[in-house]
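No experiment lies behind these values; they were computed from the predicted model shown. No hydrogens, no waters, no symmetry mates; every other heavy atom, side chains included, goes into these values.
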Amino acid sequence: MAPILYDYCKMPMDDIWKEDGDKRCKLVVGILGLLVIVLLGVLLIFFIIKANSEACQDGLRAVMECRNVTYLLQQELAEAQRGFRDAEAQAVTCNQTVMALMASLDAEKAQGRKKVEELEGEITTLNHKLQDASAEVERLRRENHVLNARIADTDSASPQDSSCAAEPPLLILLLGLSALLL
């Protein structure tokens, strides 16, 4: 008969299971780690494939186009706002100019009214002087007529026309009055 080899373990059974358990645990953890790495690798490859797909590229192009359009719209908005601010500043300036012109116009109107009142007063004064001068001319004409009648009575024998003799003093009187009125 052949000898049977019995492997005799010099360690108690609990220690063997404990030592085997540690090895098994390490093996399970290693396998799980490897599975996780493989799974992550597969997912990474899947993501890379998806990221490089036509739809994803179209989406990226659309995003870039939207960014460009947004940038252009922001530029146009900023330009429009600058234009609006400039227009507002011009409107304020125009309003101030209008207000200044209206104030100046009111002052000119007041000065014009004052000048009209002065001229009306001067016209009234000149009208009174004209009436006085007309009355004086009329009085002098009557006196001249009376004097001419007296001269005509005394000079009835003289052939000179009495109206011709009276005209030069009357003419001088009228010229003097008109010079005063001017």
Side-chain angles (χ1 to χ4, degrees), residues 43-182:
L43 288 176
L44 182 62
I45 291 170
F46 180 74
F47 176 73
I48 290 171
I49 291 171
K50 282 289 192 178
N52 290 326
S53 71
E54 188 71 28
C56 189
Q57 292 298 322
D58 289 344
L60 286 174
R61 275 187 231 109
V63 166
M64 292 304 291
E65 187 177 328
C66 286
R67 284 182 183 164
N68 289 339
V69 168
T70 302
Y71 177 76
L72 291 175
L73 288 174
Q74 286 174 342
Q75 292 293 329
E76 289 177 10
L77 176 64
E79 186 177 329
Q81 286 174 338
R82 279 191 300 271
F84 179 72
R85 281 191 297 267
D86 291 345
E88 263 185 339
Q90 286 179 349
V92 166
T93 302
C94 287
N95 286 341
Q96 290 172 347
T97 303
V98 166
M99 296 304 284
L101 288 174
M102 289 183 75
S104 176
L105 179 63
D106 289 343
E108 287 291 325
K109 281 182 183 178
Q111 187 177 3
R113 279 190 220 112
K114 185 178 177 183
K115 187 69 172 176
V116 165
E117 289 173 1
E118 288 175 5
L119 290 175
E120 284 176 347
E122 192 174 318
I123 288 171
T124 304
T125 304
L126 290 175
N127 280 338
H128 287 299
K129 285 182 180 180
L130 180 62
Q131 288 172 355
D132 292 343
S134 293
E136 182 69 21
V137 166
E138 190 60 38
R139 184 187 64 80
L140 290 173
R141 188 175 286 150
R142 276 185 259 131
E143 281 181 19
N144 190 21
H145 186 61
V146 169
L147 287 175
N148 281 338
R150 285 185 191 166
I151 292 174
D153 287 340
T154 57
D155 286 339
S156 38
S158 81
Q160 289 185 354
D161 190 65
S162 63
S163 64
C164 289
E167 283 183 24
L170 181 62
L171 184 61
I172 291 172
L173 178 66
L174 287 176
L175 287 175
L177 287 175
S178 61
L180 286 174
L181 291 176
L182 294 177

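- Within a 6.0 Å radius of CD in Glu65, no more than 12 heavy atoms belonging to other residues, nucleotides or ligands are found.
- In this structure, the separation between CG on Leu147 and CG on Leu140 is 10.0 Å, given to the nearest 0.5 Å.
- Note that the NZ atom of Lys109 and the CE atom of Met102 stand 8.0 Å from one another [nearest 0.5 Å].
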Taking it one step at a time, do Arg61 and Asp58 satisfy salt bridge (Lys or Arg N to Asp or Glu O under 4.0 Å)?
CA-CA 5 Å; Arg61 275 187 231 109; Asp58 289 344; 2.5 Å; yes

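- Leu43 CG to Ile48 CD1: the interatomic distance, rounded to the nearest 0.5 Å, is 11.0 Å.
- Atom CG of Leu44 and atom CD1 of Ile49 lie 10.0 Å apart (nearest 0.5 Å).
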Decide yes or no on salt bridge (Lys or Arg N to Asp or Glu O under 4.0 Å) for Lys114 and Glu117, but give the supporting numbers first.
CA-CA 5 Å; Lys114 185 178 177 183; Glu117 289 173 1; over 6 Å; no

Let's go through Glu120 and Val116 carefully: what are the C-alpha distance in whole Å and the side-chain angles of both, what is the deciding distance for side-chain contact (heavy atoms from CB on, under 4.5 Å) to 0.1 Å, and is it a yes or a no?
CA-CA 6 Å; Glu120 284 176 347; Val116 165; 3.7 Å; yes

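- Residues Val63 and Arg67 have side chains in contact (heavy-atom distance under 4.5 Å, counting atoms from C-beta outward).
- Within the model, atoms CG of Leu119 and CG of Leu126 stand 10.0 Å from one another, a figure rounded to the nearest 0.5 Å.
- A donor-acceptor contact shorter than 3.5 Å is absent between the side chain of Ser104 and the backbone of Ala100.
- Asp132 places none of its side-chain heavy atoms less than 4.5 Å from the side chain of Glu136.
- One distance of note links CZ of Arg85 with CD of Gln81; it measures 6.0 Å at 0.5 Å rounding.
- For Glu88, the CD atom is densely surrounded, since the number of other residues' heavy atoms within 6.0 Å is greater than 12.
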